[in-house]
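These numbers come from the heavy atoms of this one structure, side chains and all, not from hydrogens, waters or symmetry mates. First the proteins, then the strands, lettered A, B, ... as listed; each starts at 1.
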Amino acid sequence: MKKVLIVEDESIISFSYRLQLERMGFEVMGNARSGEEAEAMIAAEQPDLIIMDVYLKGDKNGLQLAQEIHANAPIPVLFLTASTKPEIVEAINRLPGCHYLSKPIDSDRLNDVLQRFVRTDGF
Amino acid sequence: MASEGPHTAPVGDPAQTPNAGLSEQLHAYAHDLKNRVAGLLEVLRQLRTHDPAVEQQDLLDFGERQAFAVLRRNEELLDALGVPRGMPSPPSGWIDLDGVLRSAIANQQYRLDAKQQGLSLNGTVSANVAAEPRQLSTVLEALLSNASKFSPVGAGINVQAHTADGQVIVEVKDEGVGLSASDIDQVFVRYAWLDSRSTAGEPQGRSTLARCKQIAAALGGTLTAQSDGVGKGSLFLLGLPLA
């Protein structure tokens with residue numbers, strides 16, 4: 001069973017992701033509310049996939065956090081973000097093993113991306 | 001006493017400001033946004049009161065309509081102001097359509113299986129096209145997903161490819177709910193509210209096909225939709241320049 005870490009500060013939103021992930025057979029290992037919380041959780045247990053926003057509570061944004069995580073382990077990150085700024089999208093596309101979906105999240109599209117991740121171990 | 005010039009225009013008179021056009025656009029936007037948010041707040045209020053006279057499904061449909069109207073209005077404003085958003089990447093090189101198409105079918109097989117839908121693949125798909133593989137896959141998967149979502153259990157979906165006039169044309173044809181004339185006009189508009197409904201209650205994101213059309217254009221191609229009407233299935237045609 002693949003383990004997923006959700007990084008999202010809105011509990012209603014993270015709960016919705018959790019439900020969908022669990023329905024698809026993922027194990028949600030936790031929900032971090034900030035970049036710092038995410039780092040601590042990853043240090044304790046490495047997930048197979050991270051789902052997070054670009055804008056996070058705390059000192060780091062999601063892109064910085066993904067770069068730091070990738071310095072230690074190439075964990076795929078699926079960014080779910082409302083931002084469509086070209087520089088953000090390009091930065092995500094430059095990160096190896098990362099993908100993004102634009103908010104509001106179409107749960108069907110999220111399902112497709114996660115199905116592909118399960119089938120191919122990537123996006 | 002105020003001096004002459006555009007900066008001395010009375011507060012509240014946007015027509016006299018240097019950015020009158022922008023100001024008008026933002027006022028119209030804010031007005032529309034407030035109306036839609038008012039609608040959403042009304043939905044929340046009525047949900048809290050549990051009034052038996054109010055059909056919950058009507059309320060949810062109304063709320064969803066308001067939310068998508070806000071999203072559509074956002075896109076319209078950003079378009080009007082020429083604000084750049086995450087655009088599709090230009091083609092990264094020549095890739096074989098066949099491999100991407102088969103991978104897209106494999107990725108959507110779970111959906112077809114769930115609705116016991118059969119997919120037939122015909123024609124010439126072994127063609128090199130200028131594309132970025134992930135984006136091409138996004139478009140092909142969206143067309144397959146769309147065909148499945150808007151077709152009943154057990155229906156057939158036909159994927160066909162042929163070359164013509166320096167292009168490869170991929171056709172995705174379904175036997176589903178079809179498109180009314182007004183739906184065809186709106187099917188590639190971001191967050192438009194269409195009459196057609198998925199057959200098993202699958203979510204309708206309402207922006208994917210618009211995004212796909214944008215990607216097709218970035219690849220130098222086209223994406224169009226045809227239908228003989230409601231209940232008569234749909235045909236989506238993706239045209240891409242050949243190597």
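Proximity of B:S207 to A:D106: side-chain heavy atoms (C-beta onward) are nowhere separated by under 4.5 Å. Side-chain contact between B:S103 and A:R119: present, with at least one pair of heavy atoms (C-beta onward) separated by less than 4.5 Å. Two residues are said to be in side-chain contact when any heavy atoms from C-beta on lie closer than 4.5 Å; B:R111 and A:Q115 fail this criterion. Using a 4.5 Å cut-off on side-chain heavy atoms (C-beta onward), A:D108 and B:Q204 make no contact.
Taking OG of A:S83 as the start and CZ of B:R85 as the end, the distance is 11.5 Å to the nearest 0.5 Å. Put simply, OH on B:Y110 and CE on A:M24 are 6.5 Å apart, with the number rounded to the nearest 0.5 Å.
In the model, B:Q108 has a side-chain atom that pairs as donor or acceptor with a side-chain atom of A:D112 under 3.5 Å.
Using a 4.5 Å cut-off between heavy atoms, B:R211 contacts chain A through its side chain alone, with no backbone atom that close. Proximity to chain A (any heavy atom under 4.5 Å) is restricted, for B:L71, to the side chain, taken from C-beta onward. Using a 4.5 Å cut-off between heavy atoms, A:F123 contacts chain B through both its backbone and its side chain. Heavy atoms closer than 4.5 Å to chain A are found nowhere in B:F68, neither backbone nor side chain. At a 4.5 Å heavy-atom cutoff, the contact between A:R109 and chain B is made by side-chain atoms alone. Contact of B:A106 with chain A is made through backbone and side chain together, with heavy-atom distances under 4.5 Å.
The environment of CD in A:E68 is crowded: more than 12 heavy-atom neighbours from other residues, nucleotides or ligands sit within 6.0 Å. Atom CG of B:D113 is surrounded by more than 12 heavy atoms from other residues, nucleotides or ligands within 6.0 Å.
The shortest non-hydrogen separation linking A:P86 to B:P84 is CD-O, 3.5 Å.
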